[in-house]
Amino acid sequence: MKALIWQGKKDIRYETVPDPRIEHPRDAIVKVSSCAICGSDLHLFDGFMPGMKSGDIMGHEFMGEVVEVGKDNSVLKAGERIVVPFTIFCGECEQCKRGNFSVCERSNRNASAADKMFGHTTAGLFGYTHLTGGYPGGQAEYVRVPFADKTHIKIPDGLTDEQVLFLGDIFPTGWQAAVQCDIEPTDTVAIWGAGPVGQMAIRSAVLLGARQVIAIDRVPERLAMAQAAGATTIDFANESVLERLGALTQGKGPEKCIDAVGMESHATRSIDALYDRAKQTVMLETDRPHVLREMIYVCRPAGILSVPGVYGGLIDKIPFGASMNKGLTWRMGQTHVNRWTDDLLRRIRDGQIDPSFVITHTVALSDGPDMYTTFRDKKDGCIKVVLKP
Ligand code: NAD
Ligand code: ZN
Ligand code: ZN
């Protein structure tokens, strides 16, 4: 079959690889109808996330038709249409029983490596480094889905791929980021990053009743999309984020802050950004935490910082004293995708939201390698790419 493989830093290729096959009785094989490139894939493309090997199949946001199931999988049948959540989960361990699917204790087949790095293992993820299991991803014609009797979302008839594809990642990710803010009707929610995750967080914060939503980015079409959802926008390349946030909140700061940027944040007017670039280049710091510093500084005391943006390792010069003394609450994590499925699928069916609004590019899987660059560099108005195998 054909797939997009990670060959090395900034080197994604469209190549022929062996077809997946059933390896465990709970597995399923899915023929992919649509898949997407996620901001998390960019961290692998740019070489900032450790643990990739050349030849790894990329992709963790995908859906398609079940074509084969293992003999113990009585939940799925060939011919069914499913979205596959990016977090692989067993459904039986203590964490899964609590709905903490992204920290499933059993689905990471390289658990000992994760144990060493993080103190505990987290869930297996598709197409996302050998620290999270090294599972082949979904930017491919076919995928093996481990624990497929649990790791799936069945799609009712009458909904297009584009309407439901993002139930596997960015929609619940933006939603979880907003839910973790415990939004009150009087709240201002400030969201750094108006990429696909930021866009979903903006709409989620609006749906959850925030008084004011403020989106921060520097890409004009992303800011325009945020405005269309009702957000006030700040262009961090041309305005002071801290001053504008102060002015928009009577000097008090937003009660809730969401980091939808993660480890590759940019900054145009700060010394800390130069410091991070230098340290990241010589590998003394893995991630660039400029947004985290801004959030700690500007958040209203007793507020909440919610971090869906991905960080991989070590960060530096975090004003923890400010965070502690201001009594800030931190919420974060990879998304517990299936925890939110029923609610979000209902909202799509009710017409409260159609997540396809974020798609700007739909191309063949074979165009994937070029699209990684287009998406990363925000060329051609690119906000979200869907690939068709
Ligand atoms: P993206 O790269 O398209 O979006 C990031 C946006 O942040 C860009 O528009 C960029 O211009 C903007 N940005 C950069 N520096 C900024 C700054 N200093 N202030 C404000 N905005 C800034 O990616 P995406 O798909 O939207 O993903 C965003 C983050 O969410 C990534 O880190 C990704 O890994 C993460 N993510 C996490 C989960 C999860 O489960 N927690 C799931 C999906 C994605
Ligand atoms: Zn993702
Ligand atoms: Zn589990």
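As the structure lists them, so they are numbered: ligands from 1, and atoms in each ligand from 1. Since the structure is predicted, the reported quantities are computational estimates derived from the model, not experimental observations.
Some N or O of Q334 is nearer than 3.5 Å to an N or O of ligand 1, by distance alone. For T335, a nitrogen or oxygen atom sits less than 3.5 Å from a nitrogen or oxygen atom of ligand 1, counting backbone and side chain alike. Residue contacts with ligand 1: G333 is placed with a nitrogen or oxygen under 3.5 Å of a nitrogen or oxygen of the ligand (distance criterion only). Taking any N or O of E264, backbone or side chain, none lies under 3.5 Å from an N or O belonging to ligand 1. At least one N/O-N/O distance between S40 and ligand 1 falls below 3.5 Å. Distances between N or O atoms of P308 and those of ligand 1 include at least one value under 3.5 Å. Where the criterion is an N or O separation shorter than 3.5 Å, residue side chain and backbone included, G309 fails it with respect to ligand 1. Checking only distances, V291 never comes within under 3.5 Å of ligand 1, N or O to N or O.
A distance-only check finds a donor-acceptor pair linking the side chain of S306 to the backbone of A177 [under 3.5 Å]. With Q95 contributing its side chain and N100 its backbone, the two residues share no donor-acceptor pair below 3.5 Å.
Geometric assessment of R339 against the ring of F101 yields a negative cation-pi assignment under the 6.0 Å and 45° thresholds.
At the top of the distance list for atom 3 (O) of ligand 1, counting protein heavy atoms only, stands R222 NH1, 2.9 Å. In this structure, atom 2 (O) of ligand 1 lies nearest to the protein heavy atom L42 CD1, 3.9 Å. Of the protein's heavy atoms, D217 OD2, 2.6 Å lies nearest to atom 9 (O) of ligand 1. Of the protein's heavy atoms, H266 N, 3.0 Å lies nearest to atom 15 (N) of ligand 1. Remark: minimum distance from atom 38 (C) of ligand 1 to any protein heavy atom is reached at T173 CG2, 3.5 Å. Protein heavy atom at the shortest distance from atom 23 (O) of ligand 1 is G39 CA, 3.4 Å.
A salt bridge between D11 and R13 is present, with a side-chain N of the basic residue lying under 4.0 Å from a carboxylate O of the acidic one. We find that R293 and D276 are joined by a salt bridge, their nearest charged nitrogen and carboxylate oxygen being less than 4.0 Å apart. Salt bridge annotation for R300-E184: absent, with no cationic side-chain nitrogen under 4.0 angstrom from a carboxylate oxygen. Note on D350 versus R347: no salt bridge recorded, every NZ/NE/NH1/NH2 to OD/OE distance being 4.0 Å or above. Between R222 and D217, none of the side-chain N atoms (NZ, or NE/NH1/NH2) sits under 4.0 Å from a carboxylate O, so this pair counts as no salt bridge. For the pair E264 and R376, the salt-bridge criterion is not met [side-chain N within less than 4.0 Å of a carboxylate O].
Surrounding OH of Y14 are more than 12 heavy atoms belonging to other residues, nucleotides or ligands, all under 6.0 Å away.
Interface of F375 with ligand 1, defined as ligand atoms under 4.0 Å from a residue heavy atom, comprises 3 (O). Those atoms of ligand 1 that come under 4.0 Å of a heavy atom in I216, given as number and element, are 20 (C), 21 (N). Within ligand 1, the atoms closer than 4.0 Å to a non-hydrogen atom of C38 are 43 (C), 44 (C), numbered from 1 in the order shown. Under a 4.0 Å criterion applied to the non-hydrogen atoms of F86, ligand 1 contributes the atoms 40 (O). Of all atoms in ligand 1, listed by their number and element, those nearer than 4.0 Å to a heavy atom of V219 are 11 (O). Shown in contact with G262 at under 4.0 Å from a heavy atom are these atoms of ligand 1, numbered in order with element: 32 (O). Taking every non-hydrogen atom of P196 and a distance limit under 4.0 Å, the qualifying atoms of ligand 1 come out as 3 (O), 24 (P), 25 (O), 26 (O). Within ligand 1, counting atoms from 1 as listed, the ones closer than 4.0 Å to a heavy atom of H290 are 18 (N).
Using a 3.5 Å distance cut-off with no hydrogens or angles, the side chains of S34 and K388 do pair a donor with an acceptor. No hydrogens or angles considered: a donor-acceptor pair under 3.5 Å links the side chains of H266 and R277. W330 and S323 are linked by a side-chain donor-acceptor pair at a separation below 3.5 angstrom, with hydrogens and angles left out of the test. A donor-acceptor pair shorter than 3.5 Å cannot be found between the side chains of D377 and T373. Side chain to side chain, Q334 and Y128 fail the donor-acceptor criterion of an N or O pair below 3.5 Å. Using modelled atom types and a 3.5 Å distance limit, the side chains of S102 and T87 yield no donor-acceptor pair.
Between F62 and F126, a ring centre-to-centre spacing shorter than 6.0 Å is recorded.
Counting heavy atoms closer than 4.0 Å to ligand 1, residue K378 contributes side-chain atoms (C-beta onward) but none from N, CA, C or O.
Rounding to 10°, one obtains 120° for the angle at the Zn ion (ligand 3) between SG (C104) and SG (C93).
Ranked by closest heavy atom to atom 5 (C) of ligand 1, the top entry among G198, A260, A237, A194 is A260. Closest heavy-atom approach to atom 22 (C) of ligand 1 among the candidates Y128, F236, W192: F236. With atom 27 (O) of ligand 1 as the reference point, the heavy atom nearest to it among D169, V261, V197 is part of V197.
Note that CD1 of I12 and CD of Q7 are 9.5 Å apart. Values are rounded to the nearest 0.5 Å. Here the OH-CD distance, from Y142 to E65, works out to 9.0 Å after rounding to the nearest 0.5 Å.
For the Zn ion (ligand 2), the nearby protein N/O/S atoms, meaning those under 2.8 Å, are C38 SG, H60 NE2, D169 OD2.
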